[in-house]
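Convention: sequence-line order gives letters A, B, ...; per-chain numbering from 1.
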Number of protein chains: 2
Amino acid sequence: MVVERKSHITIKDVAKLAGVGIATASRALNNRGDVHPETRRKVLEAAQKLGYVPNSLARSLVYGKTKKVGVIITTVLNPFYAAVVSGIERVLTANGYTLILYNSNEDPRKEREALLILRQQRVDGIIFAPIEYESQNVKYLIDSKIPFVLVARRTLEEDTSFVIADDFKVGKIGTEHLIEKGHRRILFLNSWKNSSAKFRLEGYKSALREAGFLINPKLIYSIKPDTDLKKLISEIFSSKSRPTAIFCFCDSIALEVMKVVKEEGLKIPDDVAILGCDNLDYTELLNPSLTTIDISKFDMGVLAARILLGLLEDNKEPVRYIFEPKLVIREST
Amino acid sequence: MVVERKSHITIKDVAKLAGVGIATASRALNNRGDVHPETRRKVLEAAQKLGYVPNSLARSLVYGKTKKVGVIITTVLNPFYAAVVSGIERVLTANGYTLILYNSNEDPRKEREALLILRQQRVDGIIFAPIEYESQNVKYLIDSKIPFVLVARRTLEEDTSFVIADDFKVGKIGTEHLIEKGHRRILFLNSWKNSSAKFRLEGYKSALREAGFLINPKLIYSIKPDTDLKKLISEIFSSKSRPTAIFCFCDSIALEVMKVVKEEGLKIPDDVAILGCDNLDYTELLNPSLTTIDISKFDMGVLAARILLGLLEDNKEPVRYIFEPKLVIREST
DNA sequence: CTGTTAGCGCCTTCAT
DNA sequence: ATGAAGGCGCTAACAG
């Protein structure tokens with residue numbers, strides 16, 4: 001016969017051992033209201049002796065607040081998001097909040113699932129990098145009434161809080177740099193469906209247009225997580241009119257592209273120039289060092305978290321913040 | 001038809017709208033017991049209409065299980081841990097578990113705090129990369145009776161579950177490789193206090209000893225998060241008998257070292273060889289490409305999560321698994 | 001100052 | 001097949 005042992009010490013146990021009522025124990029434990037010093041001592045001692053750990057589920061049930069924040073990003077495998085999450089975490093934990101992390105992996109179904117679970121968990125707020133610019137999931141989130149702030153990516157809604165980079169400018173200054181370097185056929189390996197992809201593409205086009213060049217749709221690709229970069233690149237470079245430069249959506253993609261390009265026996269930047277984006281730590285030491293566009297990753301996370309805290313605690317108006325990107329010229333272009 | 005909603009719809013609301021009792025609503029919602037098909041339909045419809053989202057806090061209170069797992073690592077900023085976490089997440093979410101992430105940043109106090117909060121949150125289990133080999137926090141965790149598995153780092157306890165690399169071997173094959181390349185003065189930039197540091201150091205010494213060389217304590221350093229690498233390196237290299245090779249605890253450190261070494265005007269590997277560990281994605285493309293030691297990061301996470309699930313669901317015995325490291329020779333040595 | 005009581009939202013006997 | 005009632009652990013009135 002297995003005896004079902006009570007798995008956790010409760011406040012009841014503490015109260016009993018201290019020889020006081022349950023409410024008194026609660027008061028003593030939480031420094032609330034008036035408790036006789038001696039009583040408090042007894043309670044704390046009992047708690048100590050029993051190894052009492054308050055159950056925050058029960059507490060949250062009562063309070064209606066959980067002190068938890070959900071974070072949904074693409075994947076922490078991308079150092080860009082790792083940095084964003086790190087910034088978020090810094091602020092959140094400093095303010096007594098716990099962080100629940102979800103990686104959507106660019107799959108809207110997983111994103112939706114994450115949202116549902118976060119609602120079930122009754123998180124107080126959500127920080128979110130939505131997969132799509134026109135996002136059903138963000139609509140759903142708005143309906144849910146949970147305070148949230150978008151990070152790194154925005155959506156078409158005008159009245160949401162977000163912290164993003166000026167992606168139009170990213171696309172523009174990157175392309176301008178390549179044009180300046182004499183490139184005319186610039187391959188744009190863009191991301192997929194998200195706001196950054198959308199606005200960077202517009203920046204790319206704008207730069208081309210202003211320089212008086214035609215926009216060649218065949219030079220614009222959307223990379224999905226399952227895209228076979230190797231195949232794509234070698235196809236593109238087997239055509240007669242191969243591009244002389246590649247503008248990659250992010251450094252992670254640029255890294256992959258560099259591998260493939262090298263395998264193809266092409267020299268960087270002589271045969272093909274490569275431009276990344278994010279200015280990840282290692283890009284400075286790549287061979288050749290990667291020209292890229294710096295975006296304040298960590299600070300974006302910090303600010304997003306701060307804004308969310310504002311939303312949670314003061315019930316402020318939506319806040320929008322746009323970080324300025326900065327071109328970092330190195331050897332790859 | 002606008003529905004006025006209070007802060008959260010409860011099962012009570014659903015029951016009322018469906019015109020049934022709470023218990024029946026619960027049964028219908030959870031496909032439990034016998035419910036008349038027509039009743040079920042009404043309940044589900046009501047839930048749908050109200051946008052009901054079950055409160056998992058309340059549910060967990062009843063069940064005594066939360067379906068949540070806590071993860072404590074050094075920092076997700078290190079791609080090594082990002083990969084580990086990613087592996088963990090893959091398995092956990094696939095099994096209906098939610099992941100709560102904490103970064104200890106090598107600070108035992110933060111680590112302890114994380115442990116406390118996870119207990120308060122009543123997580124079902126914990127996956128944990130402890131900062132110290134002789135860890136008070138792991139003792140505390142053991143006392144807490146929460147099932148856990150250590151990942152990447154172990155402690156002196158023999159009867160805990162863990163998934164680690166064979167760190168003695170890491171230290172050994174790395175050092176042997178450098179010796180083979182003709183190096184005699186090998187600087188070991190080790191980590192701090194954790195099991196990997198301990199065993200790798202033993203491997204390093206063992207290799208030196210077996211080759212018949214003396215162990216020079218002045219060539220062994222422990223890098224802490226706040227160590228000024230630049231200063232350290234330039235001091236070391238300003239002495240007459242400078243090392244000819246540097247064995248770095250991990251690729252992230254190796255990256256920093258490469259930057260500093262280059263600033264000092266030294267050529268790699270001619271003036272100084274550099275060896276990393278972890279085989280991060282970008283190391284292949286560094287200038288020069290980094291010789292490193294491959295460790296199955298993602299798989300370590302996957303396995304740790306699987307083992308934890310085993311512990312949670314079948315209440316199995318502790319499981320220990322040690323991954324084989326593999327030397328990856330490139331240009332930097 | 002302290003104990004009793006009524007929930008927070010949900011699930012589960014136990015009757016009906 | 002269904003509803004009433006008790007309880008998970010905790011906090012907040014409300015009485016003493």
A:Y81 versus A:T75, closest heavy-atom pair with distance: CB-O, 3.5 Å
Euclidean distance, atom NZ of residue B:K16 to atom P of D:dG3 [Å, nearest integer]: 15 Å
A:E38 CD to C:dC1 C1', straight-line distance once rounded to whole Å: 14 Å
Side-chain N or O of A:S26 closer than 4.0 Å to phosphate OP1/OP2 of D:dC10: no
Side chain of A:R27 - closest among D:dT11, D:dA1, C:dT2: C:dT2
Atom pair CZ/CG of B:R40 and B:L29 - distance to nearest 0.5 Å: 10.0 Å
Sugar-phosphate only, base, or nothing, as touched by B:T39 at under 4.0 Å among non-hydrogen atoms: sugar-phosphate
Dump every N/O contact between nucleotides 6-8 of chain C and the protein below 3.5 Å, one line per pair.
none

Rounded distance (Å) that lies between atom P of C:dT12 and atom CG of B:L29: 13 Å
Polar contact flag, side-chain donor to acceptor under 3.5 angstrom, B:Y321-B:R306: no
salt_bridge(A:R41, A:E38) N-O dist < 4.0 Å: yes
Indicate every side-chain donor-acceptor pair of residues 90-100 of chain B with a distance under 3.5 Å to a residue at least two apart or in another chain.
unit_1, atom_1, unit_2, atom_2, d
B:T93, OG1, B:E89, O, 2.9
B:Y97, OH, B:E313, OE2, 3.3
B:T98, OG1, A:Y102, OH, 3.0

Sidechain N-carboxylate O distance under 4.0 Å for B:R153, B:E106: yes
Atom-to-atom span, CG of B:L57 to C1' of D:dC8 - whole angstrom: 13 Å
B:Q120 CD to D:dG9 P, straight-line distance once rounded to whole Å: 15 Å
Sugar-phosphate only, base, or nothing, as touched by A:N55 at under 4.0 Å among non-hydrogen atoms: sugar-phosphate
B:N30 vs C:dC11: side-chain N/O to OP1/OP2 distance below 4.0 Å: yes
Rounded distance (Å) that lies between atom C1' of C:dG9 and atom NE2 of B:H8: 11 Å
Short side-chain N/O contact to C:dT12 OP1/OP2 from B:R32, under 4.0 Å: yes
B:Y63 side-chain N/O to D:dG9 phosphate OP1/OP2 under 4.0 Å: no
Check: A:V53 and A:H8 side chains under 4.5 Å, non-hydrogen atoms: no
For atom CG of B:D34 and atom P of C:dT16, their distance in whole Å: 19 Å
Nearest-angstrom distance from the residue atom CD1 of B:I11 to P of C:dG9: 12 Å
